[in-house]
Amino acid sequence: MATEQIQISPRLAIPETEIVERFVRASGAGGQNVNKVSTAVELRFDIAHSPSLPEPLRERLLARRDRRVTSEGVLVIDAQRFRTQDRNRQDARERLASFIQASLSVPKPRVATKPTYGSKLRRLDQKKERAQVKRGRSTRNWE
């Protein structure tokens with residue numbers, strides 16, 4: 001039997017064995033059902049120790065400043081948007097896939113540039129105009 005996988009991209013898939021799902025009671029409105037049924041899903045994925053992630057991708061994911069990533073490098077996703085456990089589980093997996101997809105592309109390094117001569121002149125002209133406006137507001141002898 002082949003293990004199921006969450007497809008992130010054509011070249012990257014995460015096996016279900018690396019994902020830990022826990023079903024808990026959802027918070028918020030829902031009537032009596034919310035107190036009886038554990039429909040919310042808490043999905044945990046260990047980014048730091050996942051063998052299926054390439055090293056550069058792992059570093060980009062861990063470098064992201066996201067409150068869902070713990071200090072140990074575990075991504076925690078809480079899904080309780082829907083009323084059924086199955087739909088919340090599907091939602092959590094989709095959010096995991098989109099989180100990883102966001103870091104798939106390598107960001108282009110920023111090239112430092114200097115302001116052009118024209119932009120410097122425009123900035124100085126605006127400063128002079130603003131100073132003129134403020135000078136016009138100064139108190140005068142109103143006699």
Side-chain angles (χ1 to χ4, degrees), residues 1-140:
M1 182 180 129
T3 59
E4 292 221 10
Q5 294 186 337
I6 297 174
Q7 201 66 36
I8 307 297
S9 73
R11 302 166 116 214
L12 178 66
I14 295 173
E16 283 201 16
T17 53
E18 293 184 33
I19 294 168
V20 177
E21 288 175 328
R22 205 177 76 172
F23 299 101
V24 293
R25 290 195 183 130
S27 64
Q32 292 177 353
N33 197 53
V34 79
N35 300 323
K36 294 189 293 186
V37 186
S38 298
T39 55
V41 178
E42 183 185 90
L43 182 142
R44 290 177 169 268
F45 175 63
D46 193 352
I47 298 170
H49 301 102
S50 172
S52 58
L53 292 178
E55 195 56 41
L57 175 62
R58 179 192 332 273
E59 288 171 8
R60 282 196 300 275
L61 286 169
L62 291 172
R64 282 179 68 174
R65 294 195 179 273
D66 196 302
R67 60 182 174 79
R68 295 173 294 182
V69 180
T70 65
S71 56
E72 293 86 37
V74 178
L75 173 69
V76 181
I77 296 175
D78 290 318
Q80 56 181 12
R81 225 182 283 180
F82 302 96
R83 289 178 62 109
T84 63
Q85 195 179 75
D86 192 47
R87 187 64 190 100
N88 280 330
R89 188 170 180 230
Q90 188 180 343
D91 181 43
R93 288 163 180 245
E94 287 168 5
R95 282 161 52 189
L96 169 67
S98 65
F99 181 83
I100 296 172
Q101 282 171 350
S103 294
L104 278 177
S105 60
V106 181
K108 201 166 57 170
R110 185 187 180 280
V111 179
T113 58
K114 292 182 180 177
T116 62
Y117 179 70
S119 68
K120 284 181 186 177
L121 287 180
R122 284 190 296 275
R123 183 179 63 85
L124 292 174
D125 286 343
Q126 285 175 345
K127 281 182 72 156
K128 284 177 190 166
E129 282 179 36
R130 192 80 189 129
Q132 195 69 35
V133 167
K134 288 188 172 191
R135 222 176 284 122
R137 292 182 190 152
S138 65
T139 55
R140 291 208 176 100

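Since the structure is predicted, the reported quantities are computational estimates derived from the model, not experimental observations.
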Using only atom types and a distance under 3.5 Å, with no angle test, would you say the side chain of R60 pairs donor to acceptor with the backbone of L104?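 Side chain of R60 to backbone of L104: a pair is present.
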
Sidechain-backbone polar pair: R87 side chain, F82 backbone, donor-acceptor under 3.5 Å: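 The answer is no, because no donor-acceptor pair under 3.5 Å joins these two groups.
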
For D91, what residues pass the salt bridge (Lys or Arg N to Asp or Glu O under 4.0 Å) criterion, not counting sequence neighbours?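 Only R81, R95 meet the salt bridge (Lys or Arg N to Asp or Glu O under 4.0 Å) criterion with D91.
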
What pairs with E42 under salt bridge (Lys or Arg N to Asp or Glu O under 4.0 Å), at least two apart in sequence or on another chain?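 Salt bridge (Lys or Arg N to Asp or Glu O under 4.0 Å) check on E42 returns R22, R44.
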
Any chance you could measure F45, atom CZ, to L53, atom CG, to the nearest 0.5 Å?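 Reported to 0.5 Å precision, the distance equals 4.0 Å.
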
With [X] via side-chain contact (heavy atoms from CB on, under 4.5 Å) - residues at least two apart:
| X | result |
| --- | --- |
| T70 | E72, V74, V76 |
| R68 | D66, L75, F99 |
| Q85 | F23 |

Pairs under 3.5 angstrom only: tabulate donor-acceptor contacts from the side chains of residues 115-134 to other protein residues two or more places apart or in another chain.
unit_1, atom_1, unit_2, atom_2, d
T116, OG1, S119, N, 3.2
T116, OG1, S119, OG, 3.2
S119, OG, T116, N, 3.1
S119, OG, T116, O, 2.8
Q132, OE1, R135, NH1, 3.0

Minimum heavy-atom distance between [X] and [Y], given as atom pair plus value:
| X | Y | value |
| --- | --- | --- |
| L57 | L12 | CD2-CD2, 3.6 Å |
| V41 | A92 | CG1-CB, 4.3 Å |
| S50 | R58 | O-NH1, 2.8 Å |

Partner of E21 under side-chain contact (heavy atoms from CB on, under 4.5 Å), chosen from L43, I77, N88: L43

